[in-house]
Amino acid sequence: MSIYEKLNEQQREAVFYTEGPLLVLAGAGSGKTRVLTHRIAYLIEEKGINPWNILAITFTNKAAGEMRERVDNIVGFGSESIWVSTFHSTCVRILRRHIDRLGYDTNFTIYDTDDQKTLMKDVCKYLKIDTKIYKERNLLAAISSAKNEMITPQEYRLQAEGDFHKQKIASVYEEYEKQLRANNALDFDDLLVKAVQLFQTQPDVLEYYQERFRYIMVDEYQDTNTVQFMLISILAAKYRNLCVVGDDDQSIYKFRGANIKNILNFEQVFEDAKVIKLEQNYRSTGNILNAANAVIRNNRGRKDKTLWTANGEGEKISFRQFDSAYDEAEYVVDDIREHVKQGECAYNDNAILYRTNAQSRMFEERFVTAGIPYKIVGGINFYARKEIKDLLAYLKTIDNGQDDLAVRRIINVPKRGIGLTSVNRVQEYAAAREIGFYDALRAVDLIPNIGRGASKMESFVALIEHFKAEAEQVRISELLEDIIEMTGYVEELKAEGDVEAEARMENIDELKNKIAAYEEACTQKGELPSLSDFLEEVALVADIDSLDENSDYVILMTLHSAKGLEFPHVYLTGMEDGIFPSYMTITSDDPEEVEEERRLCYVGITRAKQQLTLSCARRRMVRGETQYNKMSRFLKEIPMKLLSTGAVFEREDKEVKMQNTYRQAKQTFQTKAFSTKPVQQFKVSNGKGPGYDVGDRVRHMKFGEGLVTSITEGGRDYEVTVDFDTAGTKKMFAAFARLQKI
DNA sequence: AAGGGCGGTGTTTTT
DNA sequence: CACCGCCCTT
């Protein structure tokens, strides 16, 4: 029983409150994962609930794995039969069993963003839609939000009454759905939508899962969207043992349909819901927490709460402004190297966070030159790389011949002399007869006007048929080997012989490793590895899932990816208006948008346990042109007293003044939506200088105490000469030396 | 059929 | 800057 005594009062209350709807408002770092794991343990150990009856939904696969592990450590048995997974994985698992009820084949394929775009191109071509006016991206976005609100194409059509633009989208939506179905494919949103539809239309299936999932827990509830809400409400409708955990201040996924009302109105929807607030933070120092609180306080429409901590104040938050993004990266990388060198921390205690993926490049370059191990999370997903998608398309074709997209992707990869004209002929033939592309290909001799393309296509079909037969016999790893061998895929890359081809081959090796790991895992679980299973796993992994705590590298990622994680030292970079908050949100007339950015800032700050460094650059290349940005408005929301005095702030020398005028002129020119107030700059107390003067005694972290003998202005920093008592005379840059006046 | 070159365009953020 | 689509050449 003692494990529950280590929890604080509110945590314990949440753990013991097992029956009926429960909303746990858990501030950042307040131990919500602990609550969830202990709650599961409590259900099993103390309430005698069968692990089989528990469903826990997490935000990432990684979080799911960790939760299972932690429960395992507490309970010691039965944790493997708890259903812990993400919304998407949960739905796939259910759909694999029952989607035939909705007229799909159970070996459906999952389309990623890339596939969706390809399909949308086809749809637009077919409907003769000018993609200059209706961009694929926007069409897909419109469809996605419709799906997130559970609006079917038919309903969309009805709502579009009298609106030409919407009617156009309705037609696209209809055709898009039709083609998905024809390809026996589901997109990401469909996974959720079809699961809800399944429950809505198949009472026996619903009954089964309601009986099974008597206790439901949802993590990161603030980021659920309408479909997800419907899914859990319908599942929980019978037993009503629904526990949701979240923090409205950390809702950062509105752009993908997250509905903050799900958490704000939980008590209205479930009138008898119990609400428990967790406000004690165990993660961060007082200074970090106060900064976070100060920022988030500026948001309206949030549930009132203030995080507090029993941890000490800790170090001050360091803030630095640099001339360029290049300088910023240089500083951060050097700072990390220095800390590690001093033995203060390991590389993987450091995380660099930024608003957009593009910002990672600067840092990457610096890390490469510095020879420091690093890992960039996000950006281009491993499984979205060309070579990986190609090989997976082979596997998909072998697994599900109805996936036209996959077949068309590989029919001429590597080159076999099958051109676009031939492919189009087959496509037309298939469309006219309403059969699949591959099926048409099998009967290629019946297709008119194919000419000499026919024989090439026949041998392609023969190749695939060979693989299909083989797939029945051998393991996936062997199948892939054979695909590579027979198609000459790697051979072609070898012939290219450049760095890029080299990287692609490495990726292919990595794919082999992943397949081997999958097969290994299956053998361990005593299951038979299946191609469909593997492809499904692949479709739903996020890059963040591959983060490995045991490898020592600096971690770089977007603020979004950082949600739910924590690091001893966090660098929050690119703190500039126009970057963070992003240009899109500050020019938007919806103030909610900036509020979401502010929540993102709150998430970023609260990732830090001990040290937080905020940085920005005056000048930065964005999309090929130099931008001059003001400091982020969020920085100004942080009280000065929380910031370290050693930080070098704005220097009003001539060059900078000119830049200021230039950028202000530029910004006023660009948009009037920017704040009309003059830029409020942080100032060092005496107006300029590094905070000490010639003749002052100073202290250095490593060299001890000494006398400042000269200060000269360098390019973008002061060069300080110090006569140290023990270490001799050193010249150093003020920004790096971090000298303290004594 | 395929590859190279040119111009236009555009970004938050992700399962 | 980097990607994509289009057009041109071979």
Side-chain angles (χ1 to χ4, degrees), chain A residues 57-64 85-92 110-114 116-118 121 125 131-132 135-138 140-141 144 147-148 186-192 220 223-225 227-228 251-258 325 353-362 377-381 383-384 386 412-423 451-453 456 496 536 538-545 557-563 574 576 578-588 593-594 596-597 599-601 603-604 620-627:
Chain A
I57 294 187
T58 57
F59 204 69
T60 62
N61 294 301
K62 183 168 175 270
S85 65
T86 64
F87 269 110
H88 292 270
S89 306
T90 300
C91 291
V92 172
I110 301 166
Y111 277 0
D112 66 15
T113 321
D114 246 36
Q116 285 179 285
K117 229 179 124 191
T118 314
K121 262 181 218 159
K125 205 159 101 191
T131 51
K132 289 260 153 53
K135 304 233 161 56
E136 287 99 336
R137 261 170 19 89
N138 298 338
L140 283 167
S144 179
K147 286 185 177 181
N148 284 327
L186 301 184
D187 64 21
F188 282 130
D189 300 316
D190 279 340
L191 298 176
L192 303 160
E220 306 284 7
D223 283 318
T224 51
N225 60 32
V227 208
Q228 291 168 337
S251 166
I252 55 172
Y253 280 103
K254 188 172 163 210
F255 73 92
R256 74 174 198 210
L353 308 183
Y354 36 75
R355 181 64 237 272
T356 63
N357 282 305
Q359 289 166 254
S360 67
R361 265 203 34 197
M362 256 330 150
V377 176
I380 327 113
N381 188 326
Y383 292 104
K386 209 182 292 160
N412 200 29
V413 174
K415 303 268 175 301
R416 354 183 125 79
I418 303 174
L420 207 64
T421 25
S422 310
V423 170
R452 56 189 185 292
K456 290 169 183 163
E496 282 176 36
E536 161 189 326
V538 152
L540 296 176
V541 290
D543 208 24
I544 194 84
D545 297 330
M557 65 184 129
T558 63
L559 287 152
H560 282 89
S561 301
K563 189 172 78 158
E576 298 142 40
I579 301 288
F580 184 36
S582 81
Y583 181 78
M584 298 294 276
T585 55
I586 43 188
T587 51
S588 155
E593 302 233 334
V594 174
E596 173 129 334
E597 296 276 300
R599 289 194 290 269
L600 196 53
C601 183
V603 168
R620 178 184 296 275
M621 280 280 257
V622 180
R623 275 192 284 153
E625 64 171 19
T626 307
Q627 268 185 13

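- One finds no side-chain N or O of A:Ser89 lying less than 4.0 angstrom from the OP1 or OP2 phosphate oxygen of B:dT15.
- Applying the 4.0 Å criterion to OP1 and OP2 of B:dA1, one finds that A:Ser422 has a side-chain N or O inside that range.
- Of the candidates B:dT13, B:dT15, C:dC1, the closest approach to any side-chain atom of A:Met621 belongs to C:dC1.
- Among the heavy atoms of the strands lying under 4.0 Å from A:Ser561 are primed sugar atoms or P, OP1, OP2 only; no base atom is included.
- Proximity note for A:Thr421 (side chain, C-beta onward) versus B:dT13, B:dT15, B:dA1: the nearest is B:dA1.
- A:Ser582 comes within contact range of at least one nucleobase, with a heavy-atom separation under 4.0 Å.
- Between A:Lys456 and B:dA1 there is no side-chain N or O to OP1 or OP2 distance below 4.0 Å.
- Distances shown here put every side-chain N or O of A:Thr60 at or beyond 4.0 Å from the OP1 or OP2 atom of B:dT15.
- If you check every strand for non-hydrogen atoms under 4.0 Å, A:Arg137 touches sugar and phosphate atoms only.
- Put simply, A:Lys121 has a side-chain N or O that comes within less than 4.0 Å of OP1 or OP2 on C:dG5.
- Backbone-only engagement by A:Tyr253 is indicated by non-hydrogen atom pairs under 4.0 Å involving sugar-phosphate atoms exclusively.
- Judged by distance alone, the side chain of A:Arg599 and the main-chain N or O of A:Ser251 form a donor-acceptor pair under 3.5 Å.
- Taking the six-membered ring where the residue is Trp, A:Phe188 and A:His88 present perpendicular rings, their angle passing 60° and hence far from 30°.
- Looking at heavy-atom distances under 4.0 Å, A:Glu597 makes contact with a base.
- Between A:Met557 and A:Val377, the shortest heavy-atom distance links the atoms CB-CB, 3.8 Å.
- Put simply, the side chain of A:Thr90 gets close to the backbone of A:Thr86: a donor and an acceptor are under 3.5 Å apart.
- If you find the closest nucleotide of DNA chain B to A:Arg623 and to A:Thr113, the one lying nearer the 5' end belongs to A:Arg623.
- Between the side chain of A:Asp189 and the backbone N or O of A:Lys147 there is no donor-acceptor pair closer than 3.5 Å.
- Contacts of A:Asn381 with the nucleic acid, taken as non-hydrogen atoms under 4.0 Å apart, are absent.
- If you check every strand for non-hydrogen atoms under 4.0 Å, A:Asn412 touches sugar and phosphate atoms only.
- Residue-to-nucleotide proximity on DNA chain B shows that, of A:Arg416 and A:Thr356, the 5′-proximal contact is made by A:Arg416.
- For B:dT15, the OP1/OP2 oxygens have no side-chain nitrogen or oxygen of A:Asn225 closer than 4.0 Å.
- Closest to the side chain of A:His88, out of B:dT11, B:dT15, B:dG3, is B:dT15.
- To the nearest whole angstrom, the two P atoms, one in C:dC4 and one in B:dT13, are 15 Å apart.
- Note that the NZ atom of A:Lys254 and the CG atom of A:Asp223 stand 12.5 Å from one another [nearest 0.5 Å].
- Within the nucleic acid shown, A:Lys135 comes within 4.0 Å of sugar-phosphate atoms alone, with no base atom in reach, counting heavy atoms only.
- Across all strands shown, A:Thr131 has no heavy atoms under 4.0 Å from either base or sugar-phosphate atoms.
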